[in-house]
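This structure is a prediction, so every number in the text was calculated from the model and none was measured. Proteins get letters first, then strands, A, B, ... in listed order; numbering begins at 1 in each.
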Number of protein chains: 2
Amino acid sequence: MEKRILNKFLKDKGLRLTKAREAVFQRTFSYQGHFNPESLYLRLKETGIKVSRASVYRTLSLLCECGLIEKVRKTEEGTLYEYIFGHEHHDHMHCLSCGEIIEFYSEDIERIQEELCKELHFKGINHSLEIRGYCKKCQKKKN
Amino acid sequence: MEKRILNKFLKDKGLRLTKAREAVFQRTFSYQGHFNPESLYLRLKETGIKVSRASVYRTLSLLCECGLIEKVRKTEEGTLYEYIFGHEHHDHMHCLSCGEIIEFYSEDIERIQEELCKELHFKGINHSLEIRGYCKKCQKKKN
DNA sequence: TATTTAATGAGATTGATTCTCAATATCAAT
DNA sequence: ATTGATATTGAGAATCAATCTCATTAAATA
């Protein structure tokens with residue numbers, strides 16, 4: 001399914017489905033959640049697949065364009081991406097101690113945001129909400 | 001007031017109030033909203049004040065540490081900061097067309113977040129919510 | 001298969017940020 | 001005000017993610 005989307009996207013733009021693009025695309029599935037380009041590049045390398053960093057970056061841009069993945073945010077370790085196709089929209093809690101990412105979704109927050117946009121005459125396209133703090137485990141560790 | 005906070009912070013850490021730090025601190029007030037280190041550096045330069053880029057970066061870190069300013073997010077143009085002392089917490093709408101930043105605050109969203117944290121056993125420290133889309137003006141332009 | 005042209009990889013480049021270190025400035029004690 | 005211990009500075013080097021360059025290679029279609 002995802003493959004078909006990528007294919008159509010490429011064809012429509014007159015682009016080609018190459019070994020490099022295929023490899024990056026596939027390896028993308030090896031992540032549960034967030035990943036950055038460098039990590040993806042290294043995983044490809046480990047597996048013995050030769051794809052240049054440049055191609056990793058270039059392909060990630062394409063995967064964003066066709067809506068399979070999305071930039072989450074920029075960090076000290078580079079831009080974070082995540083797979084979104086087939087995943088419902090969600091927001092994140094980010095543990096400052098162990099780095100864990102907890103996904104959550106709130107109908108109420110979505111609704112209130114829409115109301116706020118209407119109020120302020122803003123046409124909302126998407127949003128990101130990140131709550132930073134400490135996960136259950138790390139709270140215990142401290143005590 | 002802010003000056004006193006900075007002073008106390010420095011003294012407590014055995015740091016010194018230098019010309020460079022004073023200058024960066026002061027120039028920080030020339031911004032209404034968001035700013036990045038390079039822009040601050042240039043404004044200082046324009047005014048004829050000689051402070052190195054290194055000192056700008058170093059001082060911004062200190063101002064963050066003592067809670068006068070805060071990192072908003074990383075962008076292509078570098079890290080965005082904003083003054084927070086004396087400003088109530090708020091979130092942002094970000095116009096993808098003209099770049100305008102609209103601040104907003106919602107008691108409801110704050111409350112729901114607290115509830116969510118409790119539910120998920122997460123100790124929330126702070127959060128950022130950004131809604132991306134198009135402001136009133138830019139919506140009109142399109143039509 | 002041949003032809004056209006998009007895509008690739010290696011390495012250079014850019015841009016933000018941090019680091020290094022010798023020279024300088026601050027501040028507490030005198 | 002002077003001194004002395006040491007924090008701070010600035011210039012430029014170093015780092016790191018990301019992008020660009022360009023000669024070579026490889027898709028895709030006729």
Side-chain angles (χ1 to χ4, degrees), chain A residues 3-4 6-28 34-45 47-66 69-81, chain B residues 3-4 6-27 34-66 69-81:
Chain A
K3 182 74 173 293
R4 211 174 297 161
L6 177 58
N7 253 308
K8 178 167 169 23
F9 172 78
L10 292 175
K11 187 158 263 177
D12 287 354
K13 297 201 85 176
L15 305 178
R16 297 166 181 176
L17 181 57
T18 64
K19 298 261 173 60
R21 282 175 184 161
E22 176 88 32
V24 172
F25 168 70
Q26 291 297 343
R27 196 53 72 191
T28 256
H34 297 175
F35 63 92
N36 62 25
E38 180 66 12
S39 147
L40 183 51
Y41 169 73
L42 291 176
R43 281 204 186 178
L44 284 163
K45 203 170 187 181
T47 333
I49 297 172
K50 294 215 305 182
V51 178
S52 68
R53 250 178 271 259
S55 284
V56 169
Y57 280 99
R58 288 186 287 228
T59 305
L60 289 177
S61 288
L62 291 174
L63 293 176
C64 274
E65 261 191 78
C66 69
I69 68 176
E70 197 171 76
K71 279 189 189 180
V72 178
R73 67 173 186 285
K74 284 172 159 282
T75 73
E76 330 303 315
E77 294 78 38
T79 300
L80 248 44
Y81 290 86
Chain B
K3 181 74 173 293
R4 211 174 296 161
L6 177 59
N7 252 309
K8 178 167 171 22
F9 171 79
L10 292 175
K11 188 158 262 178
D12 287 355
K13 296 200 84 175
L15 305 178
R16 296 166 181 176
L17 181 58
T18 64
K19 298 263 172 58
R21 282 176 184 160
E22 178 87 31
V24 171
F25 167 70
Q26 290 297 343
R27 197 52 72 192
H34 296 175
F35 63 91
N36 62 25
E38 180 65 12
S39 148
L40 183 51
Y41 168 73
L42 291 176
R43 282 205 186 178
L44 284 163
K45 204 170 186 182
E46 278 171 18
T47 332
I49 297 171
K50 295 215 304 184
V51 178
S52 69
R53 248 178 273 259
S55 284
V56 170
Y57 280 98
R58 288 185 288 228
T59 305
L60 288 177
S61 288
L62 291 174
L63 293 176
C64 275
E65 262 192 77
C66 68
I69 67 175
E70 198 171 75
K71 279 189 190 180
V72 178
R73 67 173 185 285
K74 283 171 160 282
T75 74
E76 330 303 315
E77 293 79 40
T79 300
L80 247 43
Y81 291 85

Interatomic distance, [X] atom [atom1] to [Y] atom [atom2] [nearest 0.5 angstrom]:
X	Y	atom1	atom2	result
Thr28(A)	Phe35(A)	OG1	CZ	4.0 Å
His34(A)	Thr79(A)	NE2	OG1	12.5 Å
Ile69(A)	Leu63(A)	CD1	CG	4.5 Å
Lys8(B)	Cys66(B)	NZ	SG	11.5 Å
Leu60(B)	Leu40(B)	CG	CG	5.5 Å
Phe25(A)	Thr59(A)	CZ	OG1	11.5 Å

Exercise for review: Using heavy atoms to find the nearest nucleotide of DNA chain D for Leu80(A) and Leu10(B) separately, return the residue whose nucleotide is more 5′.
Suggested key: Leu10(B)

Could you state the atom-to-atom distance from [atom1] of [X] to [atom2] of [N] in whole Å?
X	N	atom1	atom2	answer
Glu76(B)	dT19(D)	CD	P	8 Å
Glu77(B)	dA18(D)	CD	C1'	14 Å
Asp12(A)	dA6(C)	CG	C1'	16 Å
Arg21(A)	dA6(C)	CZ	P	11 Å
Arg73(A)	dA17(D)	CZ	C1'	16 Å
Tyr41(A)	dG9(C)	OH	P	9 Å
Lys74(B)	dG15(C)	NZ	P	17 Å
Arg58(A)	dG9(C)	CZ	C1'	7 Å

Which donor-acceptor pairs under 3.5 Å do side chains of residues 42-49 of chain B form with protein atoms, sequence neighbours excluded?
residue	atom	partner	partner atom	Å
Arg43(B)	NE	Tyr31(B)	OH	3.4
Arg43(B)	NH1	Ser30(B)	O	3.0
Arg43(B)	NH1	Ser30(B)	OG	2.9
Thr47(B)	OG1	Arg27(B)	NH2	3.2
Thr47(B)	OG1	Arg43(B)	O	2.5

Can you name the atoms? Protein N/O to nucleotides 25-28 of chain C N/O, anything below 3.5 Å, with the distance.
residue	atom	partner	partner atom	Å
dT26(C)	O2	Arg16(B)	NE	3.4
dT26(C)	O2	Arg16(B)	NH1	2.6
dT26(C)	O2	Arg16(B)	NH2	3.2
dC27(C)	OP1	Leu17(B)	N	3.2

Check your understanding: Does Gly78(B) or Leu62(A) map to a spot on DNA chain C nearer the 5' end, using the closest nucleotide for each?
Key -> Leu62(A)

Check your understanding: Taking DNA chain C as the partner, which of residues 47-55 of chain B come within under 4.0 angstrom of it by heavy atom?
Key ->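 Output list: Ala54(B).
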
Check your understanding: Backbone N or O of Glu77(A) within a donor-acceptor pair of the Asn36(A) side chain at under 3.5 Å?
Key ->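 It does hold such a pair.
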
Review point. Hey, does the side chain of Arg73(A) reach the backbone of Arg73(B) with a donor-acceptor pair shorter than 3.5 angstrom?
Key: no

Check your understanding: Is there a side-chain polar atom (N or O) of Tyr57(A) under 4.0 Å from OP1 or OP2 of dT19(D)?
Key ->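 Indeed not, no polar side-chain atom of Tyr57(A) lies that close.
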
